[in-house]
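The block underneath contains the structure these notes are about, expressed in C-alpha cells.
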Amino acid sequence: MALIRKRKLTDQQSRRIKKQQQNQQVIDQDDLFDGVVIANYGKQLEVQATSLPTHLPSAPSVAEGEPIPFWQPITLHSVWRCHTRTNLPLIATGDRVRLSADPNTGLGRIEALYERQNVITRPDRYHKLKPVASNVDLLAIVFAPLPAPAAQLIDRYLVVCHHSEVTPLLVLNKADLLAAPEFNDVLTLLKEYHALGYHTLTTQANGDLSALHAQVAGKTVIFAGQSGVGKSSLANQLLPNADQAVNAISTLSQLGQHTTTTSRLLPFVPTNLQQGAVIDTPGIREYGLWHLTKADVLAGFIELAPLANQCRFRDCQHTPESLGCALWHAVEQGEVLARRVESLVTLQAEAQAAV
C-alpha cells in the first residue's frame, strides 16, 4: 500500500486555515445579542446593540496598585466595531444582525443576518451587485432650482424605488428661490410628478420642516439627489446632533461637491432606533441599472408600463420613429409626457448595453 505523505503547508496557508477554523468555532447562543449596523467602513462595520446577551461577562477584578485593563461592557445602545463571518453575504448599513463581542478588546463579530425588509443595491464597476442600505422605508429624492434639476436622475431613482420596494418622496428644496421667474419650470417638474401619484413637498433648509418631519417620523430614510441640492442641510435640521459637513455650491460649476464619505445610520433618537433614522451614504448619486432588463426599467415608469402592451410590435423600441408605438400616441394625445418616454428609452438602452 502506497504511503500518503502529509503535504507541508506554507506559513500563509497555515494562517489562512487557522483563521477559517476560528471563524467556524461554535458560539454559545447565550453570548449573542442583536444589533443594527449603523456604519459601514468596508471590511469593518459599527453595530449598535439593541438587546443584551443572556450571559453578560463580568468585568475583571483589579488588585490595588495594578493598572486598570481595558473593558467595554455590553450595554443597550453600546457600539461595537465588527468583522463578519466569512460565510455571510455583504452587510449593509441598516441591516439587523446577531453578533458576539469581546469586552476585553471592544471588538465584535457579526454571526448572523436577519431577514431584510428590503435592500437597495447597485452594481459596481464589475457589474456585481453591492448593497447600499437595507430595511429602508423611504427614499427622499431631493432636487432644487440650483443646481438645475436632472429629471432623468429623478426617473432613475424612481426605478430603483420600484424594484427595491421603497416608497419614494420627491422633495423640492430651496423653495425660496422659486420666486425668481427663471425657476418656474422647476415647480412645474414637481407638479408633474405629483400628478403621477408620487408624494411631493417643498422645503427650505432653514425654514419650516414640519411637513418633512411628518413624512419621515418613525421611518428609516435615505436622502438622494444631485450634489449641492441640500441633502446634508436637511439632515442637519432633522438631526440637530448629526453634525454633517455641508459645503457651499461651487460658484464656478454650480454642481456642488460630495460631502459624505462613510455610510452611516443616524437615528432621530440615539437611544431608540425604532423611532426612525437617516441613512447617509456616499456614492448614491450614480445608480447603474446594468443589472435590470428593459422590462424591469419599464416597470419603474408607472404610467408608461400599462401602455406598452398596446404597442403594435412586442419589441417596440418606443422611439418617435417606432411604428404603432402606444407611448408616443399617448404623448400626442397629451396623456403622458414626452420627456418621460425619452427618459425610459435612455435608461432601457443603459440596461441593454450590459447584456
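The analysis underlying the following values was restricted to heavy atoms, covering all of them including side chains, and did not include hydrogens, waters or symmetry mates. Remember, predicted model here, so these are calculated numbers, not experimental data.
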Just do the side-chain hydrogen bond (donor to acceptor under 3.5 Å, both in side chains) check on Thr93 and Asn40 with the steps written out, would you? CA-CA 6 Å; Thr93 302; Asn40 189 332; 4.6 Å; no

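- Between the side chains of Asp95 and Ser134, at least one donor-acceptor pair of N or O atoms lies under 3.5 Å.
- For the atom pair CG (Leu52) and CG (Leu76), the distance works out to 4.0 Å, reported to the nearest 0.5 Å.
- A distance of 11.5 Å separates OH of Tyr157 from CG of Leu170, quoted to the nearest 0.5 Å.
- Within the structure, the salt bridge (Lys or Arg N to Asp or Glu O under 4.0 Å) test picks out the following pairs touching residues 185-212 (sequence neighbours left out): Glu192-Arg339.
- To the nearest 0.5 Å, atom OG1 of residue Thr319 and atom CG of residue Leu327 are 11.0 Å apart.
- Glu350 and Arg156 are joined by a salt bridge, as a carboxylate oxygen and a charged side-chain nitrogen come within less than 4.0 angstrom of each other.
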Given side-chain hydrogen bond (donor to acceptor under 3.5 Å, both in side chains), test Lys294 with Gln317 step by step and report yes or no. CA-CA 10 Å; Lys294 292 178 66 174; Gln317 300 302 303; 3.2 Å; yes

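- A salt bridge links Arg98 to Asp34: one of the charged nitrogens lies within less than 4.0 Å of a carboxylate oxygen.
- His213 NE2: more than 12 foreign heavy atoms inside a 6.0 Å radius.
- Under the 4.0 Å criterion applied to side-chain N and carboxylate O atoms, Glu342 and Arg340 are not assigned as salt-bridge partners.
- When the shell of 6.0 Å around CD of Gln274 is examined, it contains 12 or fewer heavy atoms from other residues, nucleotides or ligands.
- Enclosure of atom NE2 in His194 is not indicated, since only 12 or fewer non-hydrogen atoms of other residues, nucleotides or ligands lie within 6.0 angstrom.
- Residue-environment remark: CD (Glu165) stays at or below the threshold of 12 foreign heavy atoms within 6.0 Å.
- Atoms CG and CD, from Leu238 and Gln215 in turn, are 11.5 Å apart once rounded to the nearest 0.5 Å.
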